[in-house]
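Here is the structure we will look at, set down as structure tokens.
Residue numbers count from 1 along this sequence. Because the structure is predicted, anything quoted here is derived from the model rather than measured.
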Amino acid sequence: MKMKKLLVLGLSAVMAAAMLTGCGGSDKKEEKSLTVTEGTLTMATNAYFPPYEYYEESDEIVGIDVEIAQAVADKLGLELKIEDMEFDSIITAVQTGKADMGLAGMTVTEERKQSVNFSDTYATGIQSVIVKEDSAIKSLDDLQGKKIGVQLSTTGDIYASAEPEDGGFGKDNVEQFQKGADAVNTLVAGKIDAVIIDNQPAISFVKSNEGLIILDTEYVQEEYAACISKDNEELLTKVNEALAELKEDGTIQSILDKYIVAE
């Protein structure tokens, strides 16, 4: 599709403007290494992104990313601590040492790589489009000129906000929300026409909101990984070693199978 080809070619400038870059000094590196040495691995996330991270009724954060992070922490002999925050604060938290790593269904992009390092990929996903069952929107082309809801600073936001010539729909047609659920609730209320979000959360939202469907199309394919400070190469190496072992022994696949059921 022409839109997908343009998307690949035209997003660099838009994503560079959307993502904050930063630099870390030796003090930050020392502080972050000390945090891990003391036995705590702090994970930054946004816990409103099922099934990757979400709150159970017990107010405990669970999900794919949580179980993978716990398995990594166990491999490293560390205690996992989870910090819930807005999605657009995660990279800054990792850069400044408030968190050791970020797991939040975060897509690996070249622009984000300017700010943080990424671990090896542990899952893949796609961006999907949610609409009402009676919507006239049947394809990506039908989204032109429509009001689209996205979660702030996600790849869905970045892709959709790009200009049409770059494969997007233009900032004027995009409404940003701090949480994906807020975008979906606004769609249910009829105040926007569609929501662009990762496919697995899209499935969860559609199941819990009657009258919504996912378009039979894939907007963008992407890879998920943990983000880690550029000042903490040692932790990046250890996390990658742990992920390799967890892939080899089937742990990661079993976690994915637990939360993602083929339909």
Side-chain angles (χ1 to χ4, degrees), residues 1-19 48-52 87-88 105-112 121 123-224 260 262-263:
M1 175 178 284
K2 182 179 180 182
M3 180 176 292
K4 288 188 177 180
K5 292 181 180 178
L6 287 172
L7 180 66
V8 174
L9 295 175
L11 283 175
S12 295
V14 177
M15 294 179 74
M19 298 306 302
Y48 297 89
F49 200 67
Y52 287 91
F87 184 84
D88 61 345
M106 184 174 288
T107 305
V108 179
T109 69
E110 291 303 317
E111 280 65 32
R112 286 174 178 165
T121 300
T124 59
I126 60 174
Q127 290 290 315
S128 291
V129 182
I130 305 174
V131 297
K132 287 189 171 184
E133 287 181 338
D134 58 357
S135 174
I137 299 172
K138 306 298 182 185
S139 69
L140 294 175
D141 292 337
D142 295 334
L143 286 170
Q144 294 293 344
K146 303 297 183 181
K147 199 67 176 180
I148 302 166
V150 297
Q151 184 177 0
L152 179 65
S153 295
T154 61
T155 46
D157 178 12
I158 296 166
Y159 297 150
S161 297
E163 294 305 313
E165 60 266 26
D166 295 325
F169 305 100
K171 291 182 179 179
D172 291 343
N173 295 317
V174 173
E175 186 169 345
Q176 299 167 319
F177 299 84
Q178 286 290 350
K179 299 178 178 65
D182 293 340
V184 173
N185 289 337
T186 305
L187 172 62
V188 171
K191 296 180 180 180
I192 56 176
D193 301 302
V195 171
I196 293 179
I197 197 167
D198 296 54
N199 190 57
Q200 289 305 320
I203 292 173
S204 296
F205 290 136
V206 167
K207 284 183 177 179
S208 59
N209 290 274
E210 187 177 352
L212 299 182
I213 60 172
I214 298 173
L215 291 187
D216 187 20
T217 182
E218 298 178 3
Y219 185 36
V220 180
Q221 296 185 6
E222 49 199 11
E223 298 182 339
Y224 301 147
I260 301 175
E263 297 184 356

Quiz item: With sequence neighbours excluded, what pairs up with T154 under the side chain to side chain donor-acceptor pair (under 3.5 Å) test?
Solution: none
Quiz item: Are the side chains of I148 and I192 in touch, meaning some heavy atoms are under 4.5 Å apart?
Solution: no
Quiz item: How far apart are the closest heavy atoms of A160 and I196, and which atoms are they?
Solution: CB-CD1, 4.0 Å
Exercise. Using atom types as modelled and distance alone, determine if a side-chain donor or acceptor of D142 lies under 3.5 Å from a backbone N or O of S139.
Key: yes
Quiz prompt | Nearest heavy-atom neighbours spanning A189 and K132 | solution = C-NZ, 4.4 Å
Quiz item: So, do Q144 and P164 sit near enough that their side-chain heavy atoms are less than 4.5 Å apart?
Solution: yes
Quiz prompt | Pairing residues for D182 by the side chain to side chain donor-acceptor pair (under 3.5 Å) criterion, not counting sequence neighbours | solution = none
Practice problem: Test ring pair (Phe, Tyr, Trp, His ring centres under 6.0 Å) on Y224 and Y52 and set out the steps. | Solution: CA-CA 11 Å; Y224 301 147; Y52 287 91; 5.1 Å; yes
Exercise. Kindly give the heavy-atom pair with the smallest separation between I197 and A202, and that separation in Å.
Key: CG2-CB, 3.8 Å
Self-check item: By side chain to side chain contact (heavy atoms under 4.5 Å, CB included) - contacts of D193 (at least two apart)
Solution: I137, K146, K147
Quiz item: What pair of heavy atoms forms the shortest contact from R112 to S153, and how long is it?
Solution: NH2-O, 2.9 Å
Quiz item: Are any side-chain N or O atoms of E222 and backbone N or O atoms of T107, one a donor and one an acceptor, separated by less than 3.5 Å?
Solution: no
Exercise. List in chain and number order the residues that pass side chain to side chain contact (heavy atoms under 4.5 Å, CB included) with A181, two or more places apart in sequence or in another chain; answer none if no residue qualifies.
Key: F205
Self-check item: Neighbour count >12 (heavy atoms, 6.0 Å) for atom NZ, K191
Solution: no
Self-check item: Interatomic distance, L143 atom CG to N173 atom CG [nearest 0.5 angstrom]
Solution: 9.5 Å
Quiz prompt | Where G156 and V150 come nearest, the two heavy atoms and their spacing | solution = O-CG1, 3.7 Å
Quiz item: With a 3.5 Å cut-off and no angle check, do the side chains of N199 and Q127 form a donor-acceptor pair?
Solution: no
Quiz item: Do you know the tightest heavy-atom contact between L152 and D88?
Solution: CD2-OD2, 3.2 Å
Self-check item: Any residue meeting side chain to side chain donor-acceptor pair (under 3.5 Å) with T186, in chain and number order, not counting sequence neighbours
Solution: none
Quiz item: Has the side chain of S161 got a donor or acceptor atom that lies under 3.5 Å from a matching backbone atom of D157?
Solution: yes
Quiz item: In chain order, what residues pass the side chain to side chain contact (heavy atoms under 4.5 Å, CB included) check against A183, with sequence neighbours excluded?
Solution: F177, V195
Quiz item: Do Q151 and F49 have side chains that get closer than 4.5 Å, going by heavy atoms?
Solution: yes
Quiz item: CG/D198 to CD1/I126 distance, rounded to the nearest 0.5 angstrom?
Solution: 9.0 Å
Exercise. For the residue pair M106 and F87, establish whether any side-chain heavy-atom pair is separated by less than 4.5 Å.
Key: yes
